[in-house]
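Naming: A, B, ... by sequence-line order, numbering from 1 per chain.
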Number of protein chains: 2
Amino acid sequence: MLDDRKKKILASVVEDYITSAEPVGSKTIADKYNLEYSPATIRNEMKLLEESGYLEQPHVSSGRIPSSKGYRYYVDNLMISKKLSMLDINYINNSITGYGNTEDLFEQVADTVSKILDRPTILTMKNEDVLESIKILKISDKILLVIIMSENGTIKDVIAKLTDTIPDDSVRELSKLLNTNLQGTPIEKLYNALSSIISKELKVYSSVLEKICEGIKYEISGENKLISSNNLESILNLPEFSDIEKAKNFINMLSTKNAVDTVIDKIQNKELGIVIGSENEEIMLKDYSIISLNIANDDGYIGKISVVSPKRLDYSKTVSTLKYINDKVKNIFSKDK
Amino acid sequence: MLDDRKKKILASVVEDYITSAEPVGSKTIADKYNLEYSPATIRNEMKLLEESGYLEQPHVSSGRIPSSKGYRYYVDNLMISKKLSMLDINYINNSITGYGNTEDLFEQVADTVSKILDRPTILTMKNEDVLESIKILKISDKILLVIIMSENGTIKDVIAKLTDTIPDDSVRELSKLLNTNLQGTPIEKLYNALSSIISKELKVYSSVLEKICEGIKYEISGENKLISSNNLESILNLPEFSDIEKAKNFINMLSTKNAVDTVIDKIQNKELGIVIGSENEEIMLKDYSIISLNIANDDGYIGKISVVSPKRLDYSKTVSTLKYINDKVKNIFSKDK
DNA sequence: TATTAGCAGTCAATCAAACAGAGTGCTAAA
DNA sequence: TTTAGCACTCTGTTTGATTGACTGCTAATA
């Protein structure tokens, strides 16, 4: 347990470093943050903080920077939750309108978070959803519109271009058959379910169904749909990326996404998960933090918004923003009911 | 007009520089490309080529690099069109399947081009298309699916979540009204047209129509839809971007897009447009080239695929790839008919 | 006359040495 | 227990010297 003075010093180091990105020296702290201690005292304390792993020293004659453990202590014990500025609140309210389907909403959310926090934002939508019903609409002789409705209220649709014309009767019959066969199927397994049906029971319609299948495969792409929305230019301006190799690594990490995905997947039980730097198992991620918020509607878990950043970031603002947005999203969902 | 020897030397400089990214010296050319001239002769010729503006010398004791004029001469007169490798051809054939609507197809095309050429690729879809008909389908008490079909065969749909329930009769009537009022409207003006109708003629349905309108605004976002698909990590590996400022500029240029858009818009009359470096009016683009291919189906112009790159790039491969893909796309369109 | 060999000259890139500045740890005094 | 003072360490920047690639020019050669 840290004593009061150490806490104050640690908090000052973290907060100064978050904005300056430069190692923080004892004099800076004594001057800027009106602590009642002399630089020498602060130096002694900083040394102790380093020895117990909360601070690091890039080299012997430099100031200190927070370690992952230091950030963790700050986040858990010292951080004061900031209120969002009116500017940010207005921006959020204007850009998250709640129009469209769940996917549209998630995209809006990702864009907004990314803009406000200036960090790449990854969206995970879980499809634990099951099929409620399928409607088939004949748009023209050779074109069908297949509408897929899930119990959660998500609506997706697929356009199937046929090779031959199809009579109205068949469309009606097909619609019935699909509904009786597929109702209750988990959305993410729809493609597989449909494929196996084609070969077994519904051979008559196989050519039509294959077209529909193709569409479903394309539109409902598997389990976790990940969208990364970002504002790369401003991120590359972070001093962390003045070394172009680091910048490339970061971009690479984001686009292969595997490592990040694993971390995000593990964050389950809590509403808000924060994984800081070396807390990540993957070494690749040792300098980065991931902050992830679970989104739920009344029926339960729907997905996550996750922010990926160098571990030097404004944790307080990030958390406030995510929480505010979570409320907003919950609100939209409850209105829909 | 350049004599034969100058042509050979210019071609060698361009081709060597394209792969090496290092200024090319007289000895390199004499050794690697089996030209029958001594380094001294080549030196003299290179000096003349520089004086007439085809080559540039970064500093007095370095080799030469092609100027924009040099690339232009190469592209117009010297370039031998390369055949695509089997690898590339297979990749293209596998990834451009032609499934889905025009927009899906365009996305496939952009991804493919971007992968093969390792460059950001921008897609422009022109909506000169006009409305053929609108269908409205009632999905549940409070949810309508509005299907918008254009004469070009593109189908879009919008989900409108209503605040109140709507009777079946009204849906039918609304559908009729919209069709008579909007048929023939250019797709890109649909939103405006609908908005003005709401206030004038169809006041009874205004609350429903506003919801639909909202959706249309969101889904059919204006005139030119631009999608940029890219593979940023590998692009940042280009030696052009070893200076991080250049990298940021490039990314910035791509995301603001204004400058690039203007160039692309101007390329109209030809099937294939190549604008090299300083040929661009915008100074921002003086080190970049844009290669843009017009795509048409039987009814005419549909859109463009444009590749943006530092002006050092494999023009021959780029052109071959775009042409091959153009054929592929034309093929898909004619099959659809 | 056209080409080429040879050589002096230029410049970028690299490396080491010198120097300034920021910040520490330790000691001794308050 | 806290603080002032000082020697020390390390980074970052500047300066100068060195190396190497390549040119332009001159004079010799085919």
Show me the protein contacts with nucleotides 14-17 of chain C, counting only N or O atoms at under 3.5 Å.
none

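When the side-chain nitrogen and oxygen atoms of A:S61 are compared with OP1 and OP2 of C:dA22, none of them lie within a distance under 4.0 Å. Contact check, A:R5 against D:dT2: a side-chain N or O comes under 4.0 Å of OP1 or OP2. Contact annotation: B:S38 side-chain N/O to C:dT4 OP1/OP2 distance is under 4.0 Å.
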Name each donor-acceptor pair under 3.5 Å that joins a side chain in residues 16-23 of chain A to protein atoms two or more places apart or in another chain, with its distance.
{"from": "A:D16", "atom 1": "OD1", "to": "A:K32", "atom 2": "NZ", "distance (Å)": "2.6"}
{"from": "A:D16", "atom 1": "OD1", "to": "A:Y33", "atom 2": "OH", "distance (Å)": "2.9"}
{"from": "A:T19", "atom 1": "OG1", "to": "A:D16", "atom 2": "O", "distance (Å)": "3.1"}
{"from": "A:S20", "atom 1": "OG", "to": "A:D16", "atom 2": "O", "distance (Å)": "3.1"}
{"from": "A:S20", "atom 1": "OG", "to": "A:E22", "atom 2": "N", "distance (Å)": "3.1"}
{"from": "A:S20", "atom 1": "OG", "to": "A:E22", "atom 2": "O", "distance (Å)": "3.4"}

Under 3.5 Å, which donor-acceptor pairs link side chains of residues 77-84 of chain B to any protein atom two or more places apart or in another chain?
{"from": "B:N77", "atom 1": "ND2", "to": "B:Y73", "atom 2": "O", "distance (Å)": "3.3"}
{"from": "B:K82", "atom 1": "NZ", "to": "B:D314", "atom 2": "OD1", "distance (Å)": "3.4"}
{"from": "B:K82", "atom 1": "NZ", "to": "B:D314", "atom 2": "OD2", "distance (Å)": "2.7"}

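Side-chain contact, B:T321 with B:T318: no donor N or O sits under 3.5 Å from an acceptor N or O.
Residues forming a side-chain hydrogen bond (donor to acceptor under 3.5 Å, both in side chains) with A:S292 (at least two apart in sequence, or on another chain): A:S306.
Between A:F250 and A:Y288, a ring centre-to-centre spacing shorter than 6.0 Å is recorded.
At a non-hydrogen distance threshold of 4.0 Å, B:G25, B:S26 from residues 12-27 of chain B come into contact with DNA chain D.
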What does the B/S/- profile of nucleotides 24-30 of chain D look like, 5' to 3', with a 4.0 Å heavy-atom cutoff to protein?
BS-----

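Nucleotide C:dA5 holds its C1' atom 14 Å from the CD1 atom of B:I42, rounded to whole Å. Between B:D243 atom CG and C:dA12 atom P there is a gap of 16 Å when expressed in whole angstrom units.
Between B:T41 and B:H59, the residue anchored closer to the 5' end of DNA chain C is B:T41, taking for each the nucleotide with the nearest heavy atom.
The main-chain N or O of B:L285 is never found under 3.5 Å from a side-chain atom of B:E282 such that the two would form a donor-acceptor pair.
Relative to the ring axis of A:F241, A:K246 does not place its NZ or CZ within 45° and under 6.0 Å from the centre.
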